[in-house]
Amino acid sequence: MSGGPAVRVSIESQCERQVQEVSLDGLETYVPPLSMSQNLAKLAQRIDFDQSSDSEQESREPRSALKFQPSLWPWDSVRNNLRSALTEMCVLHDVLSVLKDKKYMALDPVSQDPSTPQVFQLISKKKSLATAAQLLLKGAEKLTKSLAENQEQRRQRDFNSELLRLRSQWKLRKLGHKILGDLSYRSAGSLFPHHGTFEVIKNTDIDLDKKVPDDYCPLNVQIPSDLEGSAYIKVSIQKQSADIGDLGTVSLFRRQPKAKPASQMWHLKLEAAQNVLLCKEIFAQLSREAVQIKSQIPHIVVKNQILSQPFPGLQLSISLCHSTGEKKIQRASPDKSKPDDHLYVLEHNLHQLIREFHKQTLSSVVMPHPASSPFGHKRLRLAGPMAYDKAEISSLQQSEGLLEKIIKQAKHIFLRSRSIQLQLNIGVEQIRVVHRDGRVVTLSHQEQELQDFLLSQMSQHQVHAVQQLAKVMGWHVLSFSNHVGLGPIESIGNASAITVASPSGEHTISVRNGPESGCKVLVQFPRSQAKELLKSDVLQEGRWTHLRGPYREVHWGRMEGRNFVYKMELLMAALTPCP
């Protein structure tokens with residue numbers, strides 16, 4: 001074979017390797033080729049050693065001989081493979097012989113550049129990563145859409161539940177695509193021209209996927225700019241001469257610190273706005289009456305302040321204090337600390353009087369009847385005899401306004417502060433005490449005797465003050481005694497006691513005051529408000545719930561107020577329901 005002419009031979013593998021595994025980065029792993037012994041064992045497994053001999057093959061039918069013709073020699077396939085392998089080895093030997101002479105053929109080394117396989121690996125990795133990234137992006141888009149839909153449904157569900165809660169407490173109406181509410185007291189009888197309209201909006205400034213703050217609310221309200229902030233009516237009596245004592249009181253109602261606008265919920269905003277609207281209505285009514293009322297000393301209305309003089313040298317000031325939170329209130333003299341001169345009882349009475357005015361506006365009792373009626377329907381005929389005459393109609397028109405009532409109450413407070421209960425005449429060897437009712441008590445020169453007498457009078461005076469205060473506040477006196485026979489025995493004089501009931505009869509205040517034991521105040525609430533009462537098997541009907549329950553003691557030392565009268569006045573005002 002080596003003596004023949006030169007022939008170009010291309011060398012290539014007999015069969016391509018099979019791919020065993022393809023990794024995620026695109027790298028292919030091939031099946032390793034079989035060795036000579038493994039290939040021989042594989043070929044030997046194909047031999048069928050159960051084939052019969054020639055004599056047995058001849059005894060078979062001729063048709064079966066036509067279908068299958070066995071090999072002449074069992075090692076025929078092995079011989080053929082060995083022959084083909086020998087042929088290839090001879091060819092390889094001839095090629096190597098030609099290459100050895102380097103005359104016709106030459107060997108060129110293959111470059112081992114490591115960058116080429118790395119580029120292929122990077123390209124395969126890039127394709128794999130792009131495919132995986134595309135799948136992740138599709139999944140992320142689906143999750144984003146699902147979360148957005150769930151978030152919108154959650155926000156809408158929370159908004160609807162909060163809107164239902166708002167609707168149960170405030171009047172709402174829908175105008176186009178807007179939801180509007182009413183802050184005014186027109187439904188209660190108010191004639192104030194302010195519209196008092198607020199708008200309900202959905203709060204979409206927060207992402208529900210992140211951490212939701214504690215003060216988050218899916219609903220928000222927009223109130224008019226002139227109703228923002230907080231407001232209150234300040235009533236004070238100021239002295240103008242040295243003989244008039246200071247009638248100012250300490251803070252009976254502690255004003256809460258202003259909350260931040262972000263932390264205010266819708267109910268706080270609406271309540272504050274409605275309070276501002278009511279204070280403006282009260283001040284507008286007082287200003288209108290101050291201009292219309294003709295008095296010897298005219299009333300003065302300056303901006304947000306009304307000045308009046310109930311008595312010479314005494315000035316009554318009614319001011320509207322409105323703070324929007326943007327500007328701080330500047331005090332006139334920061335170095336001088338003025339005492340709190342609020343008369344909170346008069347401020348509370350102003351709110352009660354304006355509600356009574358609303359009630360009278362809605363009531364049909366004060367409406368005038370027709371003076372005459374023609375013949376016709378029976379109801380119209382009865383209207384003539386039952387009609388109001390001129391005197392009754394004029395009496396209805398001569399009702400007092402808010403300003404006149406407040407001025408009368410201020411006069412009463414001033415006169416009550418100047419009343420004198422006792423008069424002491426100090427002699428040489430004795431002391432004469434003259435009471436307001438004319439009774440005279442003679443005391444010796446002993447200091448302890450006078451001290452015991454004054455303590456006894458102070459104890460009785462507080463009980464008498466409760467009696468007089470109950471008449472002013474409209475409470476009913478149920479019992480009164482200057483000498484109580486029950487309870488601990490006083491070493492100095494006797495204890496006094498009084499029991500008064502509220503105008504509605506729901507609450508009762510019982511006061512027991514002794515010279516030595518001191519003051520003890522008890523409040524009796526209705527049975528429906530007493531949580532500590534157990535259910536009774538006897539009192540099962542609903543009418544028995546209107547009865548009053550057990551007494552509860554008041555921590556008198558913790559009550560706000562300058563003296564006993566102011567504390568008791570505050571307690572009665574707190575237990576008096578608004579009409």
Side-chain angles (χ1 to χ4, degrees), residues 1-54 56-57 64-147:
M1 294 177 64
S2 61
V7 179
R8 294 183 179 183
V9 179
S10 60
I11 303 175
E12 60 181 1
S13 61
Q14 184 179 3
C15 61
E16 186 178 0
R17 296 181 182 179
Q18 296 181 357
V19 179
Q20 182 179 4
E21 182 183 2
V22 179
S23 60
L24 296 177
D25 55 355
L27 183 62
E28 296 179 353
T29 303
Y30 298 97
V31 178
L34 299 177
S35 60
M36 294 294 292
S37 60
Q38 292 176 349
N39 193 13
L40 179 61
K42 181 179 179 181
L43 295 176
Q45 289 177 357
R46 299 180 181 179
I47 299 173
D48 188 6
F49 295 97
D50 294 336
Q51 291 179 356
S52 60
S53 59
D54 295 340
E56 294 177 354
Q57 190 70 21
S64 60
L66 295 175
K67 290 183 179 181
F68 178 75
Q69 185 176 0
S71 178
L72 299 177
W73 186 45
W75 295 91
D76 190 15
S77 60
V78 177
R79 185 192 60 181
N80 294 334
N81 290 331
L82 291 176
R83 183 180 293 178
S84 62
L86 178 60
T87 302
E88 292 179 0
M89 292 298 297
C90 293
V91 173
L92 178 61
H93 181 268
D94 294 341
V95 172
L96 293 176
S97 299
V98 173
L99 289 175
K100 184 177 179 182
D101 297 337
K102 297 182 179 180
K103 184 178 180 179
Y104 299 101
M105 296 179 66
L107 294 176
D108 190 9
V110 180
S111 63
Q112 301 293 333
D113 189 6
S115 61
T116 302
Q118 290 183 359
V119 171
F120 292 149
Q121 292 180 1
L122 291 177
I123 292 176
S124 61
K125 288 181 180 180
K126 185 177 180 180
K127 290 181 179 179
S128 302
L129 291 175
T131 304
Q134 188 175 4
L135 294 176
L136 292 175
L137 288 176
K138 289 182 179 180
E141 289 179 359
K142 292 181 180 180
L143 289 176
T144 304
K145 291 181 180 179
S146 177
L147 290 175

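In this chain, residues are counted from 1 in sequence order.
The neighbour count for Q134 CD, taken as heavy atoms of other residues, nucleotides or ligands under 6.0 Å away, does not exceed 12.
Expressed to the nearest 0.5 Å, how far CG of L129 lies from CG of L122 amounts to 10.0 Å. Here the straight-line distance linking atom CG of L40 with atom CD of Q45 works out to 10.5 Å at 0.5 Å rounding. Atom CE of residue M89 and atom CG of residue L96 lie 8.5 Å apart, to the nearest 0.5 angstrom. Distance check: E88 CD to H93 NE2 gives 15.5 Å after rounding to the nearest 0.5 Å. Within the model, atoms CG of L82 and CG of L86 stand 8.5 Å from one another, a figure rounded to the nearest 0.5 Å. Separating the CZ atom in R79 from the CZ atom in R83 is a distance of 5.0 Å, to the nearest 0.5 Å.
At a threshold of 4.5 Å between non-hydrogen side-chain atoms, the residues L43 and N81 count as touching.
Side-chain atoms of S124 come within 3.5 Å of backbone N or O of D25 as a donor-acceptor pair. Within the 3.5 Å criterion, the main-chain N or O of S35 finds no donor-acceptor partner in the side chain of N39. Using modelled atom types, one side-chain atom of S128 and one backbone atom of L24 make a donor-acceptor pair closer than 3.5 Å.
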